[in-house]
Amino acid sequence: MNDDVSNWFVREVLPHEDSLVRYLARICPNRSDVFDLRQEVYVRVFEAAKVSRPVPARPFLFTTAKHLVLDRIRRSRVVSIEPVGDPAALSIVVDEVSPERRLSSRQELKRLAAAFGALPPRCREVVWLRKVDEMSQADVANMLGISVRTVESQVQKGVRLLAQALFVDGAEARRASSSEKEATAANGSGAEDER
Amino acid sequence: MSGSHREAERLAAEWLSRRDGVEWSPSDQVELDAWLDESTAHAVAYIRLQAAWNRADRYQVLGAGFPRRHVPTPEQLSASPFFDEAGSDDDLAGQRVASSLLGELMAEGPPVGSASVQPKKTSRWQLRSLPRTSLAASIVFLALAMTFWYVKNSGTSYSTSVGGVVSIPLQDGSRMTLNTDSQVRLALTDKERGVVLVRGEAFFEIAKDPKRPFVVSAGGRRIVVVGTKFSVRRTEDDVRVAVTEGKVRMEDGSASSRASSTQTAGVAMEASEGVFVLEAGNVARAGGAGMLVQSKPLSELQETLSWRSGYLIFRDVDLAGAVTEFNRYNEKKILINDPAVAAIRLNGKFKADNFAAFVRLIEDGFPIEVTDYADRIVLTQRAAE
């Protein structure tokens, strides 16, 4: 793995995940494809960034998403775009959300608090004890009277749900305040499906 | 292709939870690196999950005010006083944000000046740590944690490395606790239980033995004890003694000590020339220019000794002082390049070995720009955007 690219990816690409997911959900009717498309976009962006980092990242991200979907349409595989999808959306200028995606500390903490609520109870306990009390997985297992394996699997579940909640469902908060309809589309993808 | 990304995420989560566990070894790391190099799909899945997992460290900020090992309900968490503050989400993510870290924090920001009128877009979150470097950091941390317990016993000499704190029981029933980067040498005789503090800091709990006083020597001073609890810290410039129980006698060879001691707010009793009796609550600071003795509430003294349980507690100290303390415990040093930043005052309780949390906090709470280099972390004033 290339550390610089990884760092760039976390800083410049992941903050756009919620709008990327909404975009993909709009141009691709099958919700279950959104997750794969998103990851495939990430792969392409990451590969490209190894050679040269696109600045700014956001337009490149969406252009990549668009090309990916168009490729799929051309090859008529995996994605069936027609009756449900919105081909017109492909030509939409995607910058409808402010390009400033960095959250204030407080917004970020609000997201974290919301994400906490998205975790099942056991998962919540494990994440909290591990992160806040900085207990080892073994100590967490001891305290909760469960096996270390169970703790591990709760960490796995927790981290996937957290990623979903922090990167994708972050739009929820905005939807609540500004009733953005599209945000619902974001829910169809990612770890949430496998809850 | 469909399904392979989900599989990648599932495996990435597995790797992450393993790496998060206690049994992670260098060979595991090699395996993980190989898996990540295998395909970009693996890499992006892992990086994404890792970013989320790292960000969850910040539950510590929200954990302020909850008892230890108490898992709050989501409702309790959302009701955190932290979110009550009037004003928009976008205000300078400020002083009160910082103030709730680890429960005890009450940080007062410096005058923010023009920064206070910044509209949106002021703060930002950034996960700076690269996956690989954060792995490296975890490994370094592990190594530190191990040296934590590793005390080099060379004959009658004990030492700790940077970041290490260790408690050593002595044969006579006394106990000494060595702080980070410290060394003591035992010099036991029939008449005297002698300990030389070669460098650093140690806390002593002395078993009573009137016939055989316990004597700590440090930088030309002798601290003579019958049975009590106290700490001695030796820096380049001075020797500091803090007594939490009983009395100790501090013998000082330097002639200037008398003159300067009269200027102190101190309550030390001068027994005879160059000899002071320090009582519980006394903090003495003996340097080249003499000795300064202060009397402090015991609770405050206990706080300055919180390093024994791995914590640093700051009460209204400037950032320069806090950073100096942190740097004692970590090989990677924090540097301040700006007097205005150095003068920021703060309170708080921190884990001594978790300077990452400390740095995040001050970055969040103050208009400070943090630049993370391989060998040092530099703090400068954040330019108004």
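Residue numbers start from 1 in every chain, and the chains themselves are labelled A, B, ... in the order their sequence lines are given, proteins ahead of strands.
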Chain A contact via B/Ala45 - which portion, at a heavy-atom distance below 4.5 Å: both
Engaged part of B/His70 at the chain A interface, taking heavy atoms whose separation is under 4.5 Å: backbone
Beyond-backbone contact of B/Arg58 with A/Lys131, side-chain heavy atoms, under 4.5 angstrom: no
By ring-ring contact (aromatic ring centres under 6.0 Å, His included) - contacts of A/Tyr42 (at least two apart): A/Phe9
With sequence neighbours excluded, residues passing side-chain hydrogen bond (donor to acceptor under 3.5 Å, both in side chains) with A/Gln154: none
Contact leader toward chain B among A/Asp139, A/Leu112, A/Val155, A/Leu162, where contacts are heavy-atom pairs under 4.5 Å: A/Leu112
Residue A/Ala115 versus chain B: region with a heavy atom under 4.5 Å: both
Test item: side-chain donor near acceptor, B/Asp28 and B/Ser25, under 3.5 Å: yes
